[in-house]
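All values reported here derive from a predicted model rather than from experimental measurement. Whatever order the structure lists ligands and atoms in, that order sets their numbers, starting from 1.
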Amino acid sequence: MNMLKRFIPQFVFLGIICIIAAFGYVKDDIIGVNAVPLNLKTVIIDAGHGGFDGGASAADGTVEKDINLQISQKICAMLRLNGYNVIMTRNEDTGTEDDESQAIARRKKSDLSNRLQIMKDNPDAVFVSIHLNKFTTSAANGAQVFYSKNYKESYTLANSVQKSIVSHIQPENTRVIKQGTDSTYLLKNAAVPAIIVECGFLSNKNELQKLKNDDYQTQMAFAITYGIIDYLK
Ligand SMILES: [Zn+2]
């Protein structure tokens, strides 16, 4: 209940944006000019892994790819509700590789290069990749955002999303945003402002239970969406 109460101002804020957006369309129709959406920005939401590539897995068999997709679909819905164009790199349990008959390493390479191509095809977009973390010690927990060094806007976007997650759902989280290393292909080669959100640790028992919970996924999606919109404004 307390958690719900904390979200009320944000729901009101998003509701007002929806009403303004709706009013904008109606007004354009009435005066007969071309309808221009309020938000022309495109956000690419990248649900990490998929299909042959499960990503990290938890002790109970939960695989990262499934939760990544569930959170991504919620972010997609919230952004669209607010008038943004959203491109999903995948919308089901599949990879994006060209040839499924290839060896795993080749499929992985093809999968990542296709995700990168979506950035290249949408130079005005921002790119938000959703992943989950895993660590050798089970104590590690909390979300953390990584940014591409290619565009300085990536840093600002990462900051906005990390701040939103901490203020909305993880007040105890002291993690700071980090520049992605060269081993992170999509951030290293990013063609637009790009971040990876590691939403939490599959290796932490409590966090795993939360990440599997639909309500918590909605809260996480909301916090990420709020951070993206706050940056785009
Ligand atoms: Zn991952």
Side-chain angles (χ1 to χ4, degrees), residues 43-76 87-97 104-119 126-138 140-150 154 157-158 161-162 165 170 173 175-190 192-213 216-217 220-221 223-225 227-228:
V43 183
I44 303 165
I45 299 294
D46 174 49
H49 313 282
F52 73 100
D53 173 16
S57 56
D60 69 353
T62 302
V63 276
E64 185 193 345
K65 64 174 183 176
D66 297 327
I67 296 177
N68 291 344
L69 182 60
Q70 286 152 3
I71 294 174
S72 295
Q73 287 173 329
K74 289 172 188 290
I75 296 170
C76 172
I87 297 170
M88 296 280 284
T89 59
R90 69 176 175 103
N91 212 356
E92 49 192 0
D93 182 19
T94 54
T96 65
E97 74 276 24
I104 293 292
R106 271 182 174 271
R107 290 173 77 178
K108 182 73 190 164
K109 205 174 164 197
S110 167
D111 176 65
L112 288 174
S113 93
N114 283 338
R115 291 176 203 239
L116 179 63
Q117 191 59 45
I118 296 173
M119 283 194 235
V126 297
F127 181 88
V128 178
S129 188
I130 302 300
H131 283 258
L132 303 179
N133 226 330
K134 189 177 178 178
F135 199 57
T136 44
T137 59
S138 62
N141 68 92
Q144 186 167 28
V145 185
F146 294 80
Y147 60 93
S148 166
K149 64 182 174 193
N150 295 5
S154 306
L157 174 59
V161 171
Q162 182 81 35
I165 294 171
Q170 294 182 354
N173 182 345
R175 293 184 180 279
V176 291
I177 62 168
K178 264 191 184 166
Q179 184 178 294
T181 64
D182 281 354
S183 65
T184 315
Y185 178 86
L186 289 174
L187 292 187
K188 184 191 173 197
N189 298 289
V192 298
I195 61 170
I196 289 179
V197 185
E198 296 281 358
C199 297
F201 285 78
L202 288 173
S203 42
N204 181 286
K205 219 175 162 184
N206 286 340
E207 198 155 53
L208 171 63
Q209 290 317 311
K210 286 187 191 172
L211 289 165
K212 286 163 65 176
N213 178 277
Y216 184 78
Q217 289 177 3
M220 177 59 72
I224 294 168
T225 303
I228 296 169

Minimum-distance atom from the Zn ion (ligand 1) among N, O or S atoms of His131: ND1
The Zn ion (ligand 1) - closest N/O/S atom in Glu64: OE2
Side-chain heavy-atom pair Ile87, Ile118 within 4.5 angstrom cut-off: yes
Side-chain heavy atoms of Lys65 within contact of His131, under 4.5 Å: no
Shortest non-hydrogen contact between Tyr147 and Gln179, atoms and distance: CE2-N, 3.3 Å
Matching residue for Asp111 among Arg107, Lys109, Arg115 - test: side chain to side chain donor-acceptor pair (under 3.5 Å): Arg115
Backbone or side-chain N/O/S of Glu198 under 2.8 Å of the Zn ion (ligand 1): no
